[in-house]
Number of protein chains: 2
Amino acid sequence: MPKEIEFIFKSPDDSPGYLLGQLTMLWQRKQKKVLDPLNLTQTQFVLLAALGWLSKVSDAVTQIDIANQSNTDRMMVSKVLRTLEEKKFISRQEHQTDTRAKVITLTHEGAKILQKALTAVENTDSEFFSVLGERLPSFNQYMAKLTEQNKDH
Amino acid sequence: MPKEIEFIFKSPDDSPGYLLGQLTMLWQRKQKKVLDPLNLTQTQFVLLAALGWLSKVSDAVTQIDIANQSNTDRMMVSKVLRTLEEKKFISRQEHQTDTRAKVITLTHEGAKILQKALTAVENTDSEFFSVLGERLPSFNQYMAKLTEQNKDH
DNA sequence: CAATTATAATATACACGACAACAATAAACA
DNA sequence: TGTTTATTGTTGTCGTGTATATTATAATTG
């Protein structure tokens with residue numbers, strides 16, 4: 001390193017951004033291990049869960065609905081749903097009134113996998129965050145507040 | 001959705017994993033906007049910062065050192081450092097005593113960019129987490145504890 | 001010292017994640 | 001009604017992340 005240049009580094013433990021990044025990396029690696037045996041990736045699971053959630057209140061869920069529900073962009077949804085279709089976890093049909101849109105539904109197989117995945121992920125999360133103990137609700141509040149405050153612009 | 005199957009969804013606000021994922025997504029999008037003008041990606045910034053940090057105490061930083069410091073895996077470091085070399089932000093030389101290893105150093109240009117990036121990122125983080133106010137140290141403690149607890153296995 | 005084991009870096013493959021650009025069609029409105 | 005605008009979905013590109021396997025070389029040990 002050029003000797004004449006001095007950097008001012010904060011200690012990692014004082015940098016919430018750094019900590020957030022590190023923690024997320026660990027969490028995603030753990031999620032991956034849990035979902036791999038179910039033939040699902042993290043994103044595939046999230047989109048499948050979003051579809052399951054939306055299906056409770058609508059019988060004509062479109063790709064845009066899934067994108068909005070999961071805060072994913074529509075290109076990602078398009079690509080991942082194609083993969084999920086190949087895996088026979090979902091099916092895509094023409095929309096009745098809007099020929100641009102596609103109606104996405106869970107297959108039996110997809111519903112079964114989603115059930116397993118929801119349970120597995122919840123158990124893993126429970127263990128991952130267990131160190132917080134009774135402080136978990138407080139942690140959740142922090143996270144929810146931060147998410148709310150930083151949405152959009 | 002197959003009508004006979006019922007899913008049990010937790011409310012998103014009660015799921016720390018979901019919240020962590022959502023928050024990280026927002027944070028990464030914001031980081032990207034800040035780093036784009038500096039011709040750096042998130043990962044490139046992290047590795048550059050790890051290199052800067054290590055350079056303070058060592059004059060023979062290897063790729064493995066950077067990988068360990070940043071908790072990134074070796075392949076990632078190999079690929080990203082190649083890109084950073086093309087951008088003239090770092091240089092890679094043969095190691096004196098270990099011919100397998102490469103010694104990584106910041107170039108002048110790289111050091112200047114890193115300085116700018118460190119400032120920009122810290123300002124962005126400061127704004128991103130400002131809603132926490134005086135609860136920030138508490139939040140940092142939660143994050144540090146979670147990270148520590150979930151390292152490795 | 002020779003054989004085994006561990007380590008540093010790379011090659012390749014698959015799957016995101018963000019973005020730009022595009023085609024088709026629906027909705028809004030002059 | 002006809003034109004503009006918005007919406008739905010797709011394709012393609014760049015840059016991660018993770019896993020497996022490979023090459024070269026260092027370190028360990030029988």
Side-chain angles (χ1 to χ4, degrees), chain A residues 21-22 24-48 60-87 89-90 92-104, chain B residues 21-22 24-48 60-87 89-90 92-104:
Chain A
Q22 292 290 301
T24 300
M25 192 192 308
L26 293 175
W27 179 71
Q28 285 178 348
R29 286 175 184 164
K30 198 155 192 174
Q31 291 276 84
K32 185 178 187 324
K33 278 194 184 134
V34 174
L35 292 173
D36 266 350
L38 297 172
N39 191 21
L40 281 180
T41 65
Q42 235 274 311
T43 309
Q44 288 165 17
F45 165 68
V46 168
L47 297 194
L48 218 53
V61 179
T62 65
Q63 297 189 180
I64 284 287
D65 294 334
I66 294 173
N68 291 338
Q69 172 69 27
S70 60
N71 292 311
T72 313
D73 72 302
R74 54 188 205 290
M75 288 79 84
M76 200 71 250
V77 172
S78 175
K79 272 184 281 198
V80 173
L81 287 190
R82 186 172 296 273
T83 307
L84 286 174
E85 189 181 32
E86 282 165 14
K87 292 184 181 179
F89 291 165
I90 64 160
R92 306 194 297 166
Q93 295 118 28
E94 290 273 306
H95 192 282
Q96 295 281 358
T97 58
D98 187 341
T99 62
R100 296 169 305 177
K102 304 230 166 117
V103 175
I104 314 295
Chain B
Q22 291 291 302
T24 300
M25 192 192 309
L26 294 175
W27 179 71
Q28 285 177 348
R29 286 176 185 163
K30 199 156 193 173
Q31 291 277 83
K32 186 178 184 327
K33 276 191 186 138
V34 174
L35 291 172
D36 266 350
L38 297 172
N39 190 23
L40 281 179
T41 66
Q42 235 274 311
T43 307
Q44 289 164 16
F45 164 68
V46 168
L47 297 194
L48 219 53
V61 179
T62 65
Q63 294 188 182
I64 284 285
D65 295 334
I66 294 173
N68 291 337
Q69 172 68 28
S70 61
N71 292 311
T72 313
D73 76 311
R74 306 200 294 289
M75 286 77 81
M76 202 69 252
V77 172
S78 176
K79 271 187 287 193
V80 173
L81 289 189
R82 188 174 296 272
T83 308
L84 287 174
E85 188 181 32
E86 280 165 16
K87 290 184 180 178
F89 291 166
I90 64 160
R92 305 195 295 167
Q93 295 119 27
E94 289 273 308
H95 192 283
Q96 295 281 357
T97 58
D98 188 340
T99 62
R100 295 169 306 179
K102 304 228 168 122
V103 174
I104 315 296

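Each chain gets a letter, A, B and so on, in the order its sequence line appears, and its residues count up from 1. What you see is a predicted model, and the numbers here were worked out from it, not measured in a lab.
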Practice item. Side-chain contact test, heavy atoms from C-beta onward, threshold under 4.5 Å: evaluate it for Lys32(A) versus Arg29(A) and give yes or no. Key: no
**Study point:** Straight-line distance of Phe89(A) CZ to Gln44(A) CD, nearest 0.5 Å
**Key:** 8.0 Å
Review point. Does atom CD of Gln96(A) have more than 12 heavy-atom neighbours, drawn from other residues, nucleotides or ligands, at distances under 6.0 Å?
Key: no
Practice item. With the side chain counted from C-beta on, respond yes when Val77(A) and Ile64(A) share a heavy-atom pair under 4.5 Å apart, and no when they do not. Key: no
**Study point:** For Gln69(B), side-chain hydrogen bond (donor to acceptor under 3.5 Å, both in side chains) partners two or more places apart
**Key:** none
Exercise for review: Please name all residues satisfying side-chain hydrogen bond (donor to acceptor under 3.5 Å, both in side chains) with Arg92(A), sequence neighbours left out, ordered by chain then number.
Suggested key: Gln63(A), Glu85(A)
Revision key, fill the gap. Ile64(A) atom CD1 is separated from dA6(D) atom P, nearest whole Å, by 15 Å
**Study point:** Integer-rounded Å distance: dC14(D) C1' and Leu84(B) CG
**Key:** 15 Å
Point to revise | Whether Ser70(A) side chain and Ile66(A) backbone form a donor-acceptor pair below 3.5 Å | key: yes
Point to revise | Thr62(A) backbone acceptor or donor facing Asp65(A) side chain under 3.5 Å | key: yes
Check your understanding: Can you list the residues that meet the salt bridge (charged side-chain N to carboxylate O under 4.0 Å, His left out) rule with Lys87(B), with sequence neighbours excluded?
Key -> none
Check your understanding: Side chains of Lys33(A) and Lys30(A): does their closest heavy-atom pair fall under 4.5 Å?
Key -> no
Check your understanding: Once you round to the nearest 0.5 Å, how far does CG of Leu48(B) lie from OG1 of Thr43(B)?
Key -> 12.0 Å
Study note, to complete from the structure: note: Leu35(B), atom CG; dC14(D), atom C1'; distance rounded to Å ~ 16 Å
Review point. Taking DNA chain C as the partner, which of residues 92-101 of chain B come within under 4.0 angstrom of it by heavy atom?
Key: Arg92(B), Arg100(B), Ala101(B)
Might you list the N or O atoms of the protein lying below 3.5 Å from N or O atoms in nucleotides 16-18 of chain D, with each pair's distance?
from    : atom 1 : to       : atom 2 : distance (Å)
dT16(D) : OP1    : Thr41(B) : OG1    : 2.2
dT16(D) : OP2    : Gln44(B) : NE2    : 2.5
dT16(D) : O3'    : Thr43(B) : OG1    : 3.1
dG17(D) : OP2    : Thr43(B) : OG1    : 2.6
dT18(D) : OP1    : Arg29(A) : NE     : 3.1
dT18(D) : OP2    : Arg29(A) : NE     : 3.4
dT18(D) : OP2    : Arg29(A) : NH2    : 3.1
dT18(D) : O4     : Lys79(B) : NZ     : 3.1

**Study point:** Atom-to-atom span, CG of Asn39(B) to C1' of dC14(D) - whole angstrom
**Key:** 13 Å
Check your understanding: Using a heavy-atom cut-off of 4.0 Å to chain A, what are the terminal contacting nucleotides of DNA chain C, in 5' to 3' order?
Key -> dA15(C) to dA26(C)
Exercise for review: Report the distance from atom CG of Asp65(A) to atom C1' of dT7(D), rounded to the nearest whole Å.
Suggested key: 12 Å
